[in-house]
Trainee: 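Sharing a structure with you now.
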Amino acid sequence: MENYLPIIWVALGVAMLLFLNMKVKLNSVLSLLISAMFVGIANGLTLPDVIASVKAGFGGTLGSLALIIGFGAVLGKLMVDSGAAQRVATTLLNKFGVKYVEWAILLVGAIFGISVFYEVAFIILAPLVISIAIEAKTPFLRLGITMVAAATMAHSIFPPQPGPVALVDAYGADMGMVYILGLVVVIPSVICAGIILPRLLRNLDRPVPALLKKEKEFTESEMPGFAISLLVPLTPAVIITAATIINYFIEKGSTIYQIVNFFGSAEISMILAVLVAIYVFGIRVGRTMSEVMKSFSGAIEGIAMIVFIVGSGGAFKQIILDSGVGDTIAAMMQNTSVSPLIMAWFITALIRIATGTGVVSAITAAGIVGPLIHTFDVNPVLMVLATAAGSNTITHVNDASFWLFKEYFGLSIKDTFKTWGLLLFVNSIVGLGIVLLLSLFI
């Protein structure tokens, strides 16, 4: 029994986290820090060691993530405020036409899921989806499911979104390969959840809800061109992936290698994208620098809480590592046939269901399962993708996105579970299945 005490204390710590967050309604930052300190003390760390672990975990995590998360938010905000977001959505939908409208929305949802925060993507795309559905004489909820399936999966899998960036850091994975293999996981997942599932569901024909207050409608002359509107937000993904591919053909440690990986780093690629966006989505479309910087500041303010949650999750992870819990789990797993990929997905899914927070569930699970990578020689990229799939599983009333979907589309809680809940569950299960399939070859 004594051998399992570290695991028991972690389980109690997670239970405390859930209790503080769900019952006491304590903010996730405080819930994570209090639970982390409890686990450290219970596992025998001295009080100074607990403080040192919290500081190391919090600071170390934010040291590598804060810039990426912050500039990712700025990029999305500049895209929205300039009309570039509207340009991308309307152009793609017009080009695809009514017959292939589902595929257009799938593509648009994925693009926005990568480049902006989920709530921003939803608010931008939902009115557009409803108007397209009316024109196409298609139930708006069918197209809504398609849009959300693509946006949530892309948001969960691809950097520079906070969850996947935190996982890449926690597992030490190659970010370029996360993009490449992530595509292999995302495509079948969103087709199953966004194209096939809506065709199987019944009773999707609902009266059109009263729309929430619309954002500014941009005129044709106000919006940037389509190509530039699409390229700028995808710049980090393009640069990082290109650097990963180039690395296969150049000598490691050479000058050209250093240059490629300098610009191919997540931080520098994000800074470059933001600088381009300040000009293209700001100065070039007639906005003053003061107006652009107002968007910049607003974006940073909007993600301040997410940054603190990610840092606190890093503190929890560090406490778990410093307490030797990871070694205990690894020792227990020596004689078991449970795949660490399945374990990562399962733990993440449980925490996501309980807390409603994808970033917290992902980074907490990474702290628990991370040490198993070396024990089982598991590909870190696959661990990132399995954990990300777990963080995108079914949620309920403790998730703000659940209520956003319910209220905007005018659904009952029961119907929200049958649509929002089911699409996320399909996304997650198919995603895990593809990861396990990839593990047979990688």
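Computed over heavy atoms, backbone and side chain alike; hydrogens, waters and symmetry mates excluded.
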Trainee: Taking the side chain from Ser297 and the backbone from Lys294, do they hold a donor-acceptor pair closer than 3.5 Å?
Mentor: no
Trainee: Any donor and acceptor pair, going by atom type alone, linking the side chain of Gln161 with main-chain N or O of Phe158 inside 3.5 Å?
Mentor: no
Trainee: If you round to the nearest 0.5 Å, how far is CD1 of Ile347 from OG1 of Thr387?
Mentor: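 Those atoms lie 9.0 Å apart.
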Trainee: Please check if the side chain of Ser35 supplies one atom and the backbone of Leu17 the other of a donor-acceptor pair under 3.5 Å.
Mentor: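 Yes, Ser35 side chain to Leu17 backbone: donor-acceptor pair under 3.5 Å.
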Trainee: Over 60° means perpendicular and under 30° means parallel, so classify the ring planes of Phe296 and Phe71, tilted if in between.
Mentor: perpendicular
Trainee: Between Glu222 and Arg87, does any NZ, NE, NH1 or NH2 come within less than 4.0 Å of an OD or OE carboxylate oxygen?
Mentor: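 No, Arg87 and Glu222 are not salt-bridged.
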Trainee: For Leu201 and Arg142: C-alpha separation, side-chain torsions, deciding distance, then whether side-chain contact (heavy atoms from CB on, under 4.5 Å) applies.
Mentor: CA-CA 9 Å; Leu201 294 176; Arg142 174 176 291 181; over 6 Å; no
Trainee: In terms of side-chain geometry, is the basic nitrogen of Glu102 or Arg199 positioned less than 4.0 Å from the acidic oxygen of its partner?
Mentor: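 Yes, charged N to carboxylate O under 4.0 Å.
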Trainee: For the pair Ser31 (side chain) and Leu26 (backbone), establish whether a donor and an acceptor sit closer than 3.5 Å, ignoring hydrogens and angles.
Mentor: yes
Trainee: What heavy-atom pair brings Leu32 and Gly313 nearest, and what distance separates the two atoms?
Mentor: CD1-N, 3.7 Å
Trainee: Taking it one step at a time, do Arg287 and Ser295 satisfy side chain to side chain donor-acceptor pair (under 3.5 Å)?
Mentor: CA-CA 11 Å; Arg287 301 181 72 201; Ser295 295; 2.9 Å; yes
Trainee: Hey, does the side chain of Arg202 reach the backbone of Leu200 with a donor-acceptor pair shorter than 3.5 angstrom?
Mentor: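 Flag set: sc Arg202 to bb Leu200 pair under 3.5 Å.
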Trainee: Just checking, is any N or O donor in the side chain of Ser189 or Asn427 under 3.5 Å from an acceptor N or O on the other one?
Mentor: no
Trainee: Test your reading of the model: is there a side-chain donor-acceptor pair from Ser254 to the backbone of Ile250, 3.5 Å cut-off?
Mentor: no
Trainee: If only side-chain N and O atoms count, and only distance matters, is there a donor-acceptor pair under 3.5 Å linking Tyr179 with Thr244?
Mentor: no
Trainee: For the residue pair Ser412 and Asp415, confirm or rule out a side-chain donor-acceptor distance under 3.5 Å.
Mentor: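 The criterion, which ignores hydrogens and geometry beyond distance, is satisfied for Asp415 and Ser412.
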Trainee: For the backbone of Ala266 and the side chain of Ser269, can you confirm whether one donor and one acceptor N or O come within less than 3.5 Å of each other?
Mentor: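 Yes; judged by distance alone, with no hydrogens or angles, the pair exists.
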Trainee: Does any N or O in the side chain of Asp174 come within less than 3.5 Å of the main-chain N or O of Met177, such that one atom is a donor and the other an acceptor?
Mentor: yes
Trainee: Given side-chain contact (heavy atoms from CB on, under 4.5 Å), test Leu204 with Thr419 step by step and report yes or no.
Mentor: CA-CA 9 Å; Leu204 294 181; Thr419 51; 4.1 Å; yes
Trainee: For the backbone of Gly194 and the side chain of Thr146, can you confirm whether one donor and one acceptor N or O come within less than 3.5 Å of each other?
Mentor: yes
Trainee: Please check if the side chain of Thr393 supplies one atom and the backbone of Gly390 the other of a donor-acceptor pair under 3.5 Å.
Mentor: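 Not confirmed, Thr393 side chain does not pair with Gly390 backbone.
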Trainee: Kindly compute the distance separating CZ (Phe263) from CD1 (Ile271), expressed to the nearest 0.5 Å.
Mentor: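 It is 11.0 Å, given to the nearest 0.5 Å.
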Trainee: Classify the side-chain pair Ser428/Trp345 by whether it contains a donor and acceptor separated by less than 3.5 Å.
Mentor: yes
Trainee: Using ring pair (Phe, Tyr, Trp, His ring centres under 6.0 Å), reason through Phe409 and Phe122 one step at a time and then give a plain yes or no.
Mentor: CA-CA 11 Å; Phe409 288 147; Phe122 184 93; 5.6 Å; yes
Trainee: Calculate, to the nearest 0.5 Å, the distance between atoms CG and CD1 belonging to Leu382 and Ile434 respectively.
Mentor: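 Nearest 0.5 Å value for the CG-CD1 distance: 12.0 Å.
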